[in-house]
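This is a predicted model, so every value here is computed, not measured.
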2 protein chains.
Amino acid sequence: MEAFRHFLESFHPVPAEDWQLLSAGLSVSPVKEGAVLLREGKIARELYFICDGILRLVKRTPEGEDITMFFLKENKCAVVLDSFSQEIPSQYSLEAACDAMVIALRKDYLLRLYEEIPYLRSLVDSITQQGLLEKIHTRNAYMGLDATRRYQHFLEQEPDIVARVPLSDIASFLGITQQSLSRIRKNLHT
Amino acid sequence: MEAFRHFLESFHPVPAEDWQLLSAGLSVSPVKEGAVLLREGKIARELYFICDGILRLVKRTPEGEDITMFFLKENKCAVVLDSFSQEIPSQYSLEAACDAMVIALRKDYLLRLYEEIPYLRSLVDSITQQGLLEKIHTRNAYMGLDATRRYQHFLEQEPDIVARVPLSDIASFLGITQQSLSRIRKNLHT
DNA sequence: GATGTTTTTTACCATTTGGTAAATGGGTAC
DNA sequence: GTACCCATTTACCAAATGGTAAAAAACATC
């Protein structure tokens, strides 16, 4: 819970009384690897803060294959923004890529808080905008690279993710099969 | 100019007096294909509204190759958000993918307008947030597809762009060489 | 209309990647 | 420990893609 407060305060100071109000609406829960926080097609009614672990944003292809769109790590917020704000069905699932601990904040509670805490709306907007910018930069960084360089870049940027989540998740994030990723790893070790 | 006003009003009504204030700071200019509105490494000091034509957000690789990150069409705003808001060097260039007509709004003028028009800040935030969401959706839609399907999807989504910008720009957007794109087109016509 | 420039297509072959399937390895439950 | 399950690696071959270069087409200029 303290980590979440620090995260919020990196955007805007949160006095004790506001924090009391806010924290009363939070629920902390452990999630097992593979557990689904939001299922594709459902409407996102909660915003998450990741205390520990890694989540992944997943899209299922028509062929029934799961593609990892993004990884989300501890000390970041995770929310399927368009579903959450416009209340439309989510095009993605939000799953735990490894065992994790998350804080959930329900949208209805957040809306009530907006009435009481005037700066909260723009604080949340800043969080989501930063999240979107990070996603775009992440994706852009891989454009124009071949599979080997994409993996090398991922290794540099997210060495801990490589160690903590299944390789198949990483392969789908990099846009290759897990066999190709395995082969790339073998060649790099040479 | 009217198109820009309509665009703004799709987010929030803009009374005549506010529009007068705002439009006094706008400059409309034609841009030739290939012209650079913002060069990689510079700080974005203007926000653009595209009246006509197509811009592209470009990143130069270490090998000196230009990669198209996104296309931006008429009736959309174009701004390199992190450079514009944080005043840091842009990682991308903004160029005209074909002859175009754009409206420029300088940041210093916008900041002054924020003082006079209270809802303008959140209006601009909404515009940029929508822009980011569109970029992410665009990119996500191509994940997990092979080159042929990526091109087919692009054809469906943006038939006019295919007709109006050089194929090499589209190939770099799709993550393939222009030779591969040409071959894919040939196979599809069969 | 002829010339030169740029864009697009085509062809060739080397390399990379995908698909299928089997072997290996690591972990868990009993 | 043994059996089982799942993740990862490996192997094989087919298919897709990249690199280089040249030809064809489109476009602009004079």
[X] [atom1] to [N] [atom2]: how many Å, rounded?
X        : N      : atom1 : atom2 : answer
A:Gln179 : C:dA22 : CD    : P     : 14 Å
A:Gln178 : C:dG19 : CD    : C1'   : 12 Å
B:Leu188 : C:dT10 : CG    : P     : 13 Å
B:Arg185 : C:dT8  : CZ    : P     : 8 Å

Ion pair check, B:Arg164 and B:Glu74, cut-off under 4.0 Å: yes

Close side-chain approach of A:Leu123 to A:Asp125, heavy-atom, < 4.5 Å: no

Bend angle of the helix from C:dG1-D:dC30 to C:dC30-D:dG1, from helix axes over five pairs at each end, nearest 10°: 40°

Could you go through residues 11-28 of chain A and list every donor-acceptor pair under 3.5 Å that involves a side-chain atom there, pairing it with any protein atom two or more places apart or in another chain?
unit_1  : atom_1 : unit_2   : atom_2 : d
A:Asp18 : OD2    : A:Tyr119 : OH     : 2.5
A:Ser23 : OG     : A:Trp19  : O      : 2.8
A:Ser23 : OG     : A:Gln20  : O      : 3.3

Minimal non-hydrogen separation, A:Leu72 against A:Ala78, with atom names: CD1-CB, 3.7 Å

Residue list, side-chain contact (heavy atoms from CB on, under 4.5 Å) with B:Leu188, at least two apart or on another chain: B:Thr148, B:Tyr151, B:Gln152, B:Ile184

Side chain to side chain donor-acceptor pair (under 3.5 Å) contacts in which one or both residues fall within residues 34-60 of chain A, not counting sequence neighbours: A:Glu46-A:Tyr48, A:Arg56-A:Thr68, A:Arg56-A:Asp169, A:Arg60-A:Asp66

Sugar-phosphate only, base, or nothing, as touched by B:Ile176 at under 4.0 Å among non-hydrogen atoms: sugar-phosphate

Touch class at under 4.0 angstrom, heavy-atom based, for A:Ser182 against every strand present: base

Under 3.5 Å donor-acceptor, B:Ser83 side chain and B:Glu87 backbone: no

N or O in side chain of A:Ser180 less than 4.0 angstrom from C:dT17 OP1/OP2: no

Cation-aromatic face contact A:Lys107/A:Phe84, 6.0 Å, 45 degrees: yes

Face-on cation placement of B:Arg139 at B:Phe173 ring, 6.0 Å and 45° thresholds: yes

Stepwise side chain to side chain donor-acceptor pair (under 3.5 Å) test for A:His6 and A:Asn75: CA-CA 9 Å; A:His6 285 131; A:Asn75 298 314; over 6 Å; no

Heavy-atom contact window of chain A on DNA chain D, given 5' to 3' at under 4.0 Å: D:dT8 to D:dA11

B:Arg183 and B:Ser180 side chains, donor-acceptor separation under 3.5 Å: yes

Contacting residues from residues 145-175 of chain B, given that a heavy atom lies under 4.0 angstrom of DNA chain C: B:Pro166, B:Leu167, B:Ser168

